[in-house]
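Lettering follows sequence order; numbering is per chain, from 1. In this text the structure is predicted, and so the values were computed from the model without any measurement. All values below come from the heavy atoms of this structure, side chains included, with hydrogens, waters and symmetry mates left out.
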Number of protein chains: 4
Amino acid sequence: MNMVDTNSGGRPMNSEAGPALLQAARELVAEYGYEKVSMQMIADHAGVGRQTAYRRWPSKAELVLEAFVAKADRLSAVEQGPVVEMLERFLQQIFHGLEKDGLAVRSLIASAQGDPAFRETFYERFIKPRDQVLARILKQGVDQGELPASMDLDRMVEMIHGAFWYRLLLGRDLDERYAKQLAAMALGYHSGAR
Amino acid sequence: MNMVDTNSGGRPMNSEAGPALLQAARELVAEYGYEKVSMQMIADHAGVGRQTAYRRWPSKAELVLEAFVAKADRLSAVEQGPVVEMLERFLQQIFHGLEKDGLAVRSLIASAQGDPAFRETFYERFIKPRDQVLARILKQGVDQGELPASMDLDRMVEMIHGAFWYRLLLGRDLDERYAKQLAAMALGYHSGAR
Amino acid sequence: MNMVDTNSGGRPMNSEAGPALLQAARELVAEYGYEKVSMQMIADHAGVGRQTAYRRWPSKAELVLEAFVAKADRLSAVEQGPVVEMLERFLQQIFHGLEKDGLAVRSLIASAQGDPAFRETFYERFIKPRDQVLARILKQGVDQGELPASMDLDRMVEMIHGAFWYRLLLGRDLDERYAKQLAAMALGYHSGAR
Amino acid sequence: MNMVDTNSGGRPMNSEAGPALLQAARELVAEYGYEKVSMQMIADHAGVGRQTAYRRWPSKAELVLEAFVAKADRLSAVEQGPVVEMLERFLQQIFHGLEKDGLAVRSLIASAQGDPAFRETFYERFIKPRDQVLARILKQGVDQGELPASMDLDRMVEMIHGAFWYRLLLGRDLDERYAKQLAAMALGYHSGAR
DNA sequence: TGTTAAGCGAGACGGTACGTCGGGTCTTGAG
DNA sequence: CTCAAGACCCGACGTACCGTCTCGCTTAACA
């Protein structure tokens, strides 16, 4: 999935080419969508030969996946204060990221569907980190007594995460207001029905 | 979206070709996924010329979309009884449908990402009907006093619907147990946060 | 080797595309040489899609071969008069053709070397016809008493034909003067040594 | 054309690399033909880095050329006795060499066509030496009175040399019998027709 | 009943991207 | 300065699929 760099002897791989390709993939796919971007475009935009891309990733899909997956790592997690505020901040942060990359991420999910391995990577590197932050926030809410101890955290994570994905995939807006609404939903929950 | 049939004079369209194509699209895409299936394959499998498909749908995407969208219409809605039971039945019904078509539906969502018009159709024909049923069920729950009147129904619909899509797209199981859990989540909700 | 045209049902092949491709191949290879001409160039020059070329010939080599082989057929043979004059006319005619196509023919021979089937075709369609004309001329010379009956005609054909190929491949001029010299050589022959 | 070796200071060139490359080129091209052999193959076969080859020759063509050209130098010329016998010996010697290298030489000629400089080298190093031996033999024949003084020696050289090239390029056998026939042809010649 | 206009299977067409290959150059660390 | 290794740029190769087009044939509905 990642670039191979077992380099004994021989000219070392150009360490700028990889990042430049990822960057190019990010920008182009964000602007035009996965299907409309070719390897040639990405390579050109990165100022690099097409073969250089294929030397690092086995296919366009893998390259583009890594391009977006890489960003997921930089999730700053300011996790303190009332749950509702943490949630709002978290969601707004994600929504902000998706303003730019929404198209790309949607394209990626799309492409992930044909390839289980690809999909697993996508989950591990892109989704899971966010799920974990979300789970931590909710857990904290329970600890702080703001959420009922009985809450099924995994389910709630899925519902929150799912809700905005759902909107994303359908091309609906993800704005500040929606972040507040979603955060409020999580809070308006108690252990037993009635 | 569907086949045009304003046909005066000339040979009438073969009324079996359309359904056969839909059926073929359904089967092939369900098995191999959208990207790996070509129009040629679909036409061959339907025992029909390729052009016959293009005479009915403007593109592969539209044909395949319709192939799955068509099934959505047959949502039997036995909408009475306690909310939790209605929800469970509803979800189980959907999950059952997705057992077979999961791959296809995922592929479709994927492909929808490059084409806003396609996505809108997908929403209108595939998602919206389900959303409406879900909304009706929740509304009924409110009316029956099982759910708080303050509940943001649209949001709850998104969360429920989003949750299982989320799992679907990530290749997680959608089983009876999950239907129960999701239904329970909706019920464990009250009007005001602490 | 030749274009396939077993056409039952379906759109007929564009009858202009084949000749246009041959023509384009002829012109481009004559000007730039085999190696420097790509399929894309040929297709573009013929105003045709690249795939249309590959539908008719399995490879660039086959297409270009046929392009030059085709011309060989139009050998006008004014075969009468003194042998020396027939020979001169014949050689001048060939030399004239090679003025334009020399580079191409050389390229072709080059490419033929890697592929026995290709080479055989080249011989049958390009060389043999010329050999036969040459043999006929010499035979007539014998019949007319201008050449000794003992002459090994096949050998003489090879020597004449070989001589100017030799010069061609080495990039030496093939002009009117050389035609005369070669014709004279054939005549200056008698049955027994001494 | 040959390896540069103005080497003061620094590691000396590996004196085995050059010969090893020539040998490898000879073997591989003789077996597979010029086009089907890559520099990588040659270098690997010689147990040498690819760059080491390019340090000695400016291109694949030049290396392979030299590989075969080198052999030309070892033309032992036992030039005495009756012309017909000298010719036969000379031709048989050449034919023998071509038994093994025929494919390679043909490939070379082929590749020479795209590059005038290459072709000139090929002539100078590979053809000319043979032409000169041939010319010397014929000259001797004239001197010994076995051939007419009027014979156009250059033309006769071209015809003899051309004849067997012609056969070589067309994949025809070059055997002892053919050597005799060709020698006989040269002898059956007199100054003026009739 | 014969015309006619459209549907139909087949398959060619222009276009565009894919992933692979080879040539010749450049760059590392070791010798 | 050489060497082996191997990355680099370039550009061609042949394949696949898309959506369109065009052939000869078939098939109702209209005249």
Side-chain angles (χ1 to χ4, degrees), chain A residues 5-15 17 35-41 43 47-56 58-61, chain B residues 5-15 17 35-41 43-44 47-61, chain C residues 5-15 17 35-41 43-44 47-56 58-61, chain D residues 6-15 17 35-41 43-44 47-61:
Chain A
D5 205 350
T6 41
N7 208 0
S8 61
R11 176 178 180 170
M13 293 178 99
N14 177 354
S15 58
E35 303 279 4
K36 300 209 172 70
V37 172
S38 71
M39 272 309 232
Q40 187 67 71
M41 286 170 68
V48 139
R50 201 156 52 94
Q51 193 62 36
T52 295
Y54 281 108
R55 206 171 287 117
R56 287 166 170 75
S59 71
K60 173 184 160 187
Chain B
D5 205 351
T6 42
N7 201 2
S8 63
R11 174 178 179 171
M13 294 177 98
N14 176 354
S15 59
E35 303 279 3
K36 299 213 172 73
V37 172
S38 71
M39 272 307 235
Q40 187 69 70
M41 286 170 67
D44 287 354
V48 138
R50 204 152 48 90
Q51 186 60 29
T52 296
Y54 280 107
R55 204 171 290 117
R56 288 166 171 73
W57 293 273
S59 71
K60 172 183 163 187
Chain C
D5 205 350
T6 39
N7 209 359
S8 60
R11 175 178 180 170
M13 293 178 100
N14 177 353
S15 58
E35 303 279 3
K36 298 209 173 72
V37 171
S38 70
M39 272 309 232
Q40 186 69 70
M41 285 170 68
D44 287 354
V48 138
R50 200 156 54 92
Q51 193 60 38
T52 294
Y54 281 108
R55 206 171 288 117
R56 286 167 171 73
S59 70
K60 173 184 159 187
Chain D
T6 43
N7 201 2
S8 64
R11 173 177 180 172
M13 289 179 100
N14 177 355
S15 60
E35 303 279 5
K36 299 211 172 74
V37 172
S38 70
M39 273 305 237
Q40 187 69 69
M41 286 170 68
D44 287 354
V48 139
R50 203 152 50 89
Q51 186 59 30
T52 297
Y54 280 108
R55 204 172 289 116
R56 288 165 171 75
W57 293 274
S59 71
K60 173 185 164 187

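Between the CZ atom of R55(A) and the P atom of dT20(E) there is a distance of 12 Å, given to the nearest Å. In this structure, W57(D) atom CH2 and dT25(E) atom P are separated by 15 Å, rounded to whole Å. Atom P of nucleotide dA17(E) and atom CE of M41(A) are separated by 8 Å, given to the nearest angstrom. Atom CE in M13(C) sits about 10 Å away from atom C1' in dC13(E), given to the nearest Å.
Between dC8(F) and R56(A), a contact under 4.0 Å exists linking OP1 or OP2 to a side-chain N or O. In this structure, K60(C) reaches the dC13(F) phosphate: one of its side-chain N or O atoms is under 4.0 Å from OP1 or OP2. Contact annotation: R50(C) side-chain N/O to dA12(E) OP1/OP2 distance is not under 4.0 Å. Between T52(B) and the phosphate of dG9(E), there is a side-chain N or O to OP1/OP2 separation shorter than 4.0 Å. Residue S38(B) has no polar side-chain atom (N or O) positioned under 4.0 Å from OP1 or OP2 of dA16(F).
Projected onto DNA chain E by closest heavy-atom contact, G49(B) and Q40(A) fall at different nucleotides, the more 5' of which corresponds to G49(B). Residue S15(A) is the one, among Y54(C) and S15(A), whose nearest nucleotide of DNA chain F lies closer to the 5' end (criterion: closest heavy atom).
Between the CE atom in M41(A) and the CZ atom in R50(A) there is a gap of 13.5 Å [rounded to 0.5 Å]. A distance of 6.5 Å separates CZ in R55(D) from CE in M13(D), rounded to the nearest 0.5 Å. Atom NZ in K60(D) sits 12.5 Å away from atom CD in Q40(D) (nearest 0.5 Å).
Of the listed nucleotides (dG14(F), dC18(E), dC8(F)), dC18(E) has the atom at the smallest distance from the side chain of M39(A). Of all nucleotides listed (dA6(E), dT15(F), dA12(E)), dA6(E) comes nearest to the side chain of R11(B).
A donor-acceptor contact under 3.5 angstrom links the side-chain atoms of Q51(B) to the base of dC21(F).
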